[in-house]
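Report on the structure given below.
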Amino acid sequence: MRYASRTGNAASVATDCLVVPRRTARETGTAMGVAEQVELALNGTKGRAGGVARVFLKDRPSRLLMVGADDKDADDATKLADFQRDAKAAANAVAGLDVADATLCIDDFDAGSADAYWKTRTMLAAVSHAAYRFTPYKSSKPKAATLRRLGVLSRQRAKTRRAVGHAQALDDGLGLAKDLGNQPPNVCHPTFLARAARALSRGAANVTTTVLDEKKMAELGMGAFLSVTRGSATPGKMIIVNYKGGNRGDNPVVLVGKGITFDTGGINIKSSAGMDEMKWDMCGAASVLGAMKAAIAAELPINLIVVAAAAENMPGSRASRPSDIVTTMSGQTVEIMNTDAEGRLVLCDALTYVKRFKPAAVVDIATLTGAQVVALGTHASALYANDDALADALASAGDGAGDRMWRMPLWDDYQGALDSAFADMKNVGGGRAAGSIVAACFLSRFAKDFPWAHLDIAGSAYVSGKGSTGRPLPALFDYLVNAAS
Ligand code: BES
Ligand code: MN
Ligand code: ZN
């Protein structure tokens, strides 16, 4: 769906469907000369946050949707929350429309202190979510959405235009991230991810894609990464996409994604219940490729590098054994006490690798632990950082985008769980206690040379039986937008 910013008058804009707040619907109706129909619809329904009253008209626009509650006094937080419910309701209504063009009249929605930029972003994010479908493997395709153009009408021209551009770019990125996540693991293997990454740089002069194969990774000494992919017949890939949108010499932001295209657990094999969910174990990689797509589409004035550490974790005669010891690219040795703690093994070598880019900040994103789901459920990603400014920037971007994260401790007290009798560290420790934190502690040992944050997205990245959420891309994108300005 294409978004556009529009100016002018709600009553005279050329569109098939006009979406207005209920609180000013009478004025709109009068200006359009349909006051009676509007009055009837308003009287027949009760205003509430997240409610939609519909009027069917003879001429264009043929639909008038009146969204939300009647005018009321409320504090700022309530107004923001109610606006978010209105945005969802408007988005669902619009995504189900049987017309080609609709216009959202944003200005008269009361979102308290929020400005037109945020209102537009929030509305269009809701539309992006409501309109997404994944249907390549359905023989009978569900009817495609009829709506093709969605305009946002506002007097705040500059802010709306900027918001529409960002929303469109994010929608493009989210489409890629969700599609990659939803692809089955027999299709979406490391080579498939590498192809998707190459597509990002095709025809873009300031974007380059580099793919390290296993031979190259062996030369670099990535013993931890290679230990994970050993059991698989499909070779692992370290995929790097480099976007130079900023000034030459500006240190890049680096995003690193866990790209386990299927996680059986390896020799420490998982139980069969729910193993199908492990096709989503590459959602970190999908989100960083999506972030790259969005950054390119928005032409963000920053330097951005994304790395997808892509491998399949399988058992087999060549697979790693519990108690194997490997040497990481950093030189530190790891005793693999559990082959199912593979994400940290591919990520640690990726973190060492990205040092060469002299990053301004590194954020890794991973469906890393079941313990994160126990701790935070689906509502928040777990955030860890060795840098407060970076943590705050990510968390506030997540708050604004409705894609929240919650900061967790990285205290030294937890590090001892990783002590090994035979190597520099084990890859697991502490049993069932603080599993997400211990995993973050492991990664922190490979991220000492730059401001670093880690997002454990095991609970937020997908909804079992339904599909990828694209999270935490909305937060990452806004973090990048803010970093660029
Ligand atoms: N990919 C899993 C984590 C996961 C679990 C993601 C559930 C999404 C939903 C990860 O590789 C894993 O297996 N982690 C282990 C770590 C353990 C062996 C220390 C876990 O969480 O059980
Ligand atoms: Mn695992
Ligand atoms: Zn995993």
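Just follow the structure's listing: the first ligand is 1, and inside any ligand the first atom is 1.
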Give every pair formed by an N or O atom of ligand 1 and a protein N or O atom closer than 3.5 Å, one pair per line with both atom names and the distance to 0.1 Å, or write none.
unit_1   : atom_1 : unit_2 : atom_2 : d
ligand 1 : 1 (N)  : K258   : NZ     : 3.3
ligand 1 : 1 (N)  : D263   : OD2    : 3.2
ligand 1 : 1 (N)  : D281   : OD1    : 2.9
ligand 1 : 1 (N)  : D281   : OD2    : 3.0
ligand 1 : 1 (N)  : T367   : O      : 3.4
ligand 1 : 11 (O) : K258   : NZ     : 3.2
ligand 1 : 11 (O) : D263   : OD2    : 2.9
ligand 1 : 11 (O) : D340   : O      : 3.1
ligand 1 : 11 (O) : E342   : OE1    : 2.8
ligand 1 : 11 (O) : E342   : OE2    : 2.9
ligand 1 : 13 (O) : K270   : NZ     : 2.8
ligand 1 : 13 (O) : D340   : O      : 2.9
ligand 1 : 13 (O) : D340   : OD1    : 2.8
ligand 1 : 13 (O) : D340   : OD2    : 3.2
ligand 1 : 14 (N) : L368   : O      : 3.4
ligand 1 : 21 (O) : G370   : N      : 2.7

Do any N/O/S atoms of E342 come under 2.8 Å of the Mn ion (ligand 2)? yes
For D478, is there an ion pair with R121 - N to carboxylate O distance below 4.0 angstrom? yes
Does D76 come within less than 4.0 Å of K79, counting only side-chain N to carboxylate O? no
So, Q183 and Y137: side-chain donor and acceptor under 3.5 Å apart, yes or no? yes
Please indicate whether K270 has more than 12 foreign heavy atoms, meaning atoms of other residues, nucleotides or ligands, lying under 6.0 Å from its NZ. yes
Using a cut-off of 2.8 Å, find all protein N, O or S atoms closer to the Zn ion (ligand 3) than that distance. K258 NZ, D263 OD2, D281 OD2, E342 OE2
Side chain to side chain contact (heavy atoms under 4.5 Å, CB included) with N251: which residues, sequence neighbours excluded? K358, A360
Evaluate the criterion salt bridge (charged side-chain N to carboxylate O under 4.0 Å, His left out) for residue pair D364 and K258; output intermediate values, then yes/no. CA-CA 8 Å; D364 78 67; K258 171 178 174 181; over 6 Å; no
Taking the six-membered ring of Y132, is NZ or CZ of K178 closer than 6.0 Å to its centre and within 45° of its axis? yes
Can you list, pair by pair, the side-chain donor-acceptor contacts under 3.5 Å of residues 215-225, counting residues two or more places apart and other chains?
none

The N/O/S atom of D263 lying closest to the Mn ion (ligand 2) is OD2
Between T328 and the options D424, L351, V334, L345, the side-chain contact (heavy atoms from CB on, under 4.5 Å) test singles out V334
Evaluate whether atom CZ of R404 has more than 12 neighbouring non-hydrogen atoms of other residues, nucleotides or ligands under 6.0 angstrom away. no
